[in-house]
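Throughout, protein chains are lettered first and strands after them, A, B, ... in sequence-line order, and every chain is numbered starting at 1.
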Amino acid sequence: MQNAALARQFDQIAAYLELAGDSIFKIRAYREAASAIADYPGPIEDADLKAIEGLGAATMAKSREWFKTGKIRVLEELKAQYPAGLLEVMRVPGLGPKKVQLLWKEKDIDSLAKLQAALDANELDKVAGFGPKTRDNLKTALRRLGELTARTPLPDATNTATKILIALAQVAPDTHIEIAGSVRRGADTVGNINFVASSDTPAPLLDAFAALPLFEAVLTRDETSIKARLHDGVEAELVVAPPSRFGTQLWFSTGSRAHIEGIEAPPAFASEREVYAHLNADYIPAELREGRDEWQLARAHSLPKLIETSDIRGDIHTHSTWSDGVASIRQMAQAMSERGYAYFAVCDHSKALAMTNGLDAFRVREQAHEIAEVQADFPHLKIFRGIECDIMRDGSMDLDDEVLSELDFVVGSVHSAFNLPLVEQTDRIIRAIRNPHVDLIGHPTGRVLGIRPPYDVDVPALIEAAKETGCCLEINASERLDLKDDYARATREAGVLLCINTDAHGPRMLPNMSFGVATARRAGCEAKHVLNTKSLDEMLAWMGKRK
DNA sequence: GCCGTTTTCGGCCCGACTGTTTTCAGTCG
């Protein structure tokens with residue numbers, strides 16, 4: 001299955017063409033080809049490429065070239081033409097293709113390090129377009145980018161961990177191997193990826209680990225453990241323990257440090273359950289092992305019965321091709337149905353987000369017809385009419401109350417004016433919470449892991465307002481994980497309902513639900529704390545009460 | 001580059017903000 005690898009080739013071509021200032025439509029075509037390949041359900045190398053929407057003559061030829069030679073000439077030429085570091089520089093907010101080209105040509109800046117050095121040495125003062133404000137913004141942006149990229153987002157780390165597990169399973173099919181560390185605990189970002197294997201003969205396993213092509217270099221190795229670095233810089237560690245000590249090792253390798261600290265080291269046990277029994281505690285789920293109150297609760301037999309992904313009955317915040325989604329309502333319905341959901345809501349963007357072809361009142365009503373048509377073919381899946389309506393700068397909604405009142409679900413989200421002062425940003429969102437049509441605030445702090453920090457907002461004040469109106473707050477399960485665990489915990493404690501949504505722009509994103517559930521588990525949530533664990537009947541009753 | 005067609009080119013993704021211009025280019029969502 002080479003889908004991801006081929007898709008990456010086209011994404012890279014798109015990135016270089018963007019840098020080169022090529023046509024936005026051409027760039028988009030490459031990105032759509034990449035997306036189509038990544039989304040293709042079977043091995044792309046066996047697919048009938050002509051039948052895949054989004055692939056044309058050019059991308060098909062390049063795909064075949066890659067199957068045959070392992071390379072795409074156009075991409076190799078682009079790589080030769082532009083230093084790879086320029087793509088990194090492009091990631092700095094405020095720097096687009098034009099400015100990156102200018103910095104490269106005039107100041108030979110082709111890496112983040114050189115950009116930082118130039119800023120520190122005040123070398124950009126004379127470059128056209130780089131006034132004092134821009135230079136200042138760049139310094140802040142660079143610092144933030146450093147903080148944001150220091151750790152890997154949970155979804156990426158989980159995907160990598162799974163790849164490593166699959167690769168190991170091929171070499172050692174009978175060995176029990178578990179993911180440990182912060183990935184297992186469901187932390188929103190991850191420093192490194194940990195594994196524990198159960199075996200009396202570590203050497204072959206360590207050899208196999210060292211030989212995985214995913215790794216760039218082996219960093220350390222002893223008799224029972226090995227640490228290696230992936231191509232993207234992330235480090236992965238495997239510890240091999242004999243079966244009789246596997247549980248204790250898994251417990252140690254899962255952590256967290258705060259959870260383990262002050263606990264007398266347990267003797268060798270085969271399972272973690274025995275470890276906790278030995279410590280006179282109930283089994284503590286990995287997501288709660290953060291050194292909060294979990295030991296107290298576990299000893300008092302009063303740990304929560306944490307929500308499971310299987311408790312989720314539907315997805316409330318999803319997109320379709322009516323705005324910037326990649327799948328039709330019918331395709332989304334099919335995917336939801338296959339996941340066994342009882343319902344989902346189509347919540348495309350509203351008109352203020354023009355770039356996504358957001359819906360105005362007219363198109364909202366047009367969409368209702370298509371939803372009704374698709375609904376007729378899915379008797380066991382309720383399709384709700386919804387919208388992800390922009391919260392404008394002043395806190396008003398992008399669509400009139402009259403239109404909003406026709407919809408089953410209104411998700412209110414901020415997609416503009418991220419830099420408002422704390423009080424203004426908070427008041428803006430509270431105004432949306434107080435709009436009786438708004439059922440849910442989408443990604444309430446606006447962060448995107450590894451890309452954008454949250455905007456300044458007083459989350460406890462949002463929770464208070466939501467408590468007054470019965471509005472829910474979202475745990476966005478995609479690359480945002482927003483609300484984050486601490487805020488989700490405060491929301492639950494305030495008695496405000498959370499709603500875990502994938503914000504899926506295509507079927508491929510539906511499995512992200514588990515990351516949102518992990519966040520909810522870290523917040524100590526049971527099923528009853530989350531809106532979309534309700535059965536269809538319960539949900540309809542809840543909606544009825546809100547009207 | 002892809003797509004669809006009143007078949008082989010023209011449309012596709014637009015509006016707001018920011019900082020720097022001295023009348024708007026570049027970036028972003």
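A donor-acceptor contact under 3.5 angstrom links the side chains of A:E388 and A:H443, judged on distance only.
Minimum atom distance to the side chain of A:K98 is reached by B:dG26, of the listed B:dG29, B:dG1, B:dG26. Side-chain atoms of A:H415 lie closest to B:dG29 of the nucleotides B:dG29, B:dC2, B:dT27. Out of B:dT20, B:dC17, B:dG1, the shortest distance to the side chain of A:P132 is found at B:dT20. If you check B:dG26, B:dG29, B:dG1 against the side chain of A:K99, the one that comes closest is B:dG26.
Put simply, A:R452 has no side-chain N or O that comes within less than 4.0 Å of OP1 or OP2 on B:dC28. A:T134 has a side-chain polar atom (N or O) that falls below the 4.0 Å cut-off from OP1 or OP2 of B:dT20. Look at A:N357 and you won't find any side-chain N or O under 4.0 angstrom from OP1 or OP2 of B:dC14. Distances shown here put every side-chain N or O of A:T356 at or beyond 4.0 Å from the OP1 or OP2 atom of B:dG29. Proximity of A:N419 to the phosphate of B:dT18: a side-chain N or O atom is located under 4.0 Å from OP1 or OP2.
Contact of A:R28 with B:dC2 (side chain to base): no donor-acceptor pair of N or O atoms is detected under 3.5 Å.
Looking at heavy-atom distances under 4.0 Å, A:R135 makes no contact with the nucleic acid at all. A:I27 comes within 4.0 angstrom of nothing in the nucleic acid, heavy atoms only. Note on A:F25: a base of the nucleic acid sits closer than 4.0 angstrom, heavy atoms only. Among the heavy atoms of the strands lying under 4.0 Å from A:V92 are primed sugar atoms or P, OP1, OP2 only; no base atom is included.
Under the 4.5 Å side-chain criterion, counting only non-hydrogen atoms from C-beta, A:H319 is not in contact with A:C347. Residues A:K107 and A:L124 form a side-chain contact, since some pair of their non-hydrogen atoms from C-beta on lies under 4.5 Å apart.
Regarding A:L353, its CG atom lies at a distance of 10 Å from the P atom of B:dG29, rounded to whole Å. Note: CD (A:Q101) to C1' (B:dT27) measures 15 Å, nearest angstrom. For the pair A:M355 CE and B:dC14 C1', the interatomic distance rounds to 9 Å; values are reported in whole Å.
The backbone N or O of A:D503 sits less than 3.5 Å from a side-chain atom of A:H505, completing a donor-acceptor pair.
Atom name P, nucleotides B:dA16 and B:dT20: the rounded distance is 22 Å, in whole Å.
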(message) Apply salt bridge (Lys or Arg N to Asp or Glu O under 4.0 Å) to residues A:R330 and A:D377 and explain how you reach the verdict.
(response) CA-CA 9 Å; A:R330 182 173 295 278; A:D377 296 331; 2.9 Å; yes
